[in-house]
There are 2 protein chains.
Amino acid sequence: MSQHENVGHDVETGLIDADAQVESFRQTRNNRRTELVEDYVELIADLLEDGGEARQVDIAQRLGVAQPTVAKMLKRLISEGYIQQRRYRGIFLTDPGRQLAELCRERHQIVESFLCSIGVSPETARIDAEGMEHHASPETLEAFKRFLASTTSSRIVAQARSVS
Amino acid sequence: MSQHENVGHDVETGLIDADAQVESFRQTRNNRRTELVEDYVELIADLLEDGGEARQVDIAQRLGVAQPTVAKMLKRLISEGYIQQRRYRGIFLTDPGRQLAELCRERHQIVESFLCSIGVSPETARIDAEGMEHHASPETLEAFKRFLASTTSSRIVAQARSVS
DNA sequence: GAAATAATATAGCCAATGCTATTTTTCAAT
DNA sequence: ATTGAAAAATAGCATTGGCTATATTATTTC
Ligand SMILES: [Mn+2]
Ligand SMILES: [Mn+2]
Ligand SMILES: [Mn+2]
Ligand SMILES: [Mn+2]
């Protein structure tokens, strides 16, 4: 390769197309840059819905990181317009924040349910989904949903049959 | 929450178990720390297998990053014992390196094939698998393999039926 | 209203991953 | 042997995401 390039006739490569591979790696690096934002916003939405408030300490405790780590990330979320902070009353989502949270929640739910539906244990599904969700494209999510729907319907069919 | 903790009687939480959630986030953060190493080692194995050599410039080109970025990561791979570098002759895998590469390759292949098998297009499967692979636990991989085997066999059955 | 406590902010550190620009080294060709 | 080109190394910078230790600032409680 490189300097020692083959001269002329294309060599049987075995490797996948370079441009395609670069695109995959780029997309993956890109997804990585938003993973944390997504997890924070999703978690904040959950905390708000559950207890009406989301404080730094709660977020830190749920994520398993230190409070200053959360404080720093919250600044990023503020600067990106996803949250508002009311001094000593915790974090609140902006409209874009709520929107992102909803997207993430759905996506997370689909991935986790899907894993369970193919026989992964709930504990493992929970863990794996937390990481995989950020790399599941809309197309893959559609496939997951189709599969979920199909197994649901076949279960219904089976049940209907067993009842009759 | 936190300061304003509920006193006594456990409140209906709606949230999942805190310890479980922390475990998920921790595991995910952990996986993130090895993603790059895995992609590098896998890519180096591919390049070596294909052309007999893996140079910094080739790796950089395939990953879509700059050469000094690769140079730095290679130092990490050397320090972690996965590769050896022969001056101007490129990168070579150590035994642990080959072992890791093999694991990653299989895992990657399983994830990508699985996505295709549930109807995701090859291009999207390629992209999503590049990120998801690093978060697929052995248990999830087993579930993927089971599914692949089952669809393969049902295709065989269907084909056998259509032939007879 | 003062003191204690809880929540937040800030300072200062580190490691990882990216970049550009430049230098050094090796290899290949003349 | 010299030279030109390719590969690799190095310097210097930025951003992200972690940490600990230590202030500040609100809120409760007495
Ligand atoms: Mn999530
Ligand atoms: Mn997540
Ligand atoms: Mn891979
Ligand atoms: Mn990958």
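Letters go in sequence order (proteins before strands), and every chain restarts at 1.
- Nucleotide D/dA8 holds its P atom 9 Å from the CD atom of B/Glu53, rounded to whole Å.
- Nearest to the side chain of A/Arg87, among C/dT10, D/dA26, D/dT20, sits D/dA26.
- Here D/dG17 presents its P atom at 17 Å from CG of B/Asn31, a figure rounded to the nearest Å.
- Per the geometry, OH belonging to B/Tyr88 stands 10 Å off C1' belonging to C/dT23, to the nearest Å.
- For A/Leu63 and D/dG18, the CG to P distance is 8 Å, given to the nearest whole Å.
- Atom CZ in A/Arg29 sits roughly 10 Å away from atom C1' in C/dT17 (whole-Å rounding).
- Taken from CD in B/Gln27 to CZ in B/Arg29, the straight-line distance is 10.5 Å, to the nearest 0.5 Å.
- Within the 4.0 Å cut-off from OP1 or OP2 of D/dG17, at least one side-chain nitrogen or oxygen of A/Arg76 is found.
- Surrounding CD of B/Glu102 are more than 12 heavy atoms belonging to other residues, nucleotides or ligands, all under 6.0 Å away.
- Remark: of the listed residues A/Glu133, A/Glu38, A/Glu42, A/Glu42 is the sole one forming a side-chain contact (heavy atoms from CB on, under 4.5 Å) with A/Arg105.
- A/Phe144 is listed as a side-chain neighbour of B/Leu115, based on a closest heavy-atom distance under 4.5 Å.
- As a whole-Å value, the separation of B/Arg89 CZ from D/dA7 C1' is 14 Å.
- When distances are taken from the side chain of B/Pro68 to each of C/dT17, C/dC19, D/dT20, the shortest belongs to C/dC19.
- Closest contact between the side chain of A/Val57 and the listed nucleotides C/dA7, C/dG12, C/dC19 involves C/dA7.
- Phosphate proximity of C/dC19 to B/Thr69: present, with a side-chain N or O under 4.0 Å from OP1 or OP2.
- If A/Gln56 and B/Val65 are placed on DNA chain C by their nearest nucleotide, the residue sitting closer to the 5' end is A/Gln56.
- Side-chain contact check for B/Met132 versus B/His108: every heavy-atom pair is 4.5 Å or farther apart.
- Here the C1' atom of nucleotide C/dC14 and the CZ atom of B/Arg33 are 13 Å apart, to the nearest Å.
- For the pair B/Gln67 and D/dA7, the criterion of a side-chain N or O lying under 4.0 Å from OP1 or OP2 is not met.
- Taking atom CZ of B/Arg26 as the reference point, atom P of D/dC19 lies 8 Å away to the nearest angstrom.
- Between A/Lys75 and C/dT10 there is a side-chain N or O to OP1 or OP2 distance below 4.0 Å.
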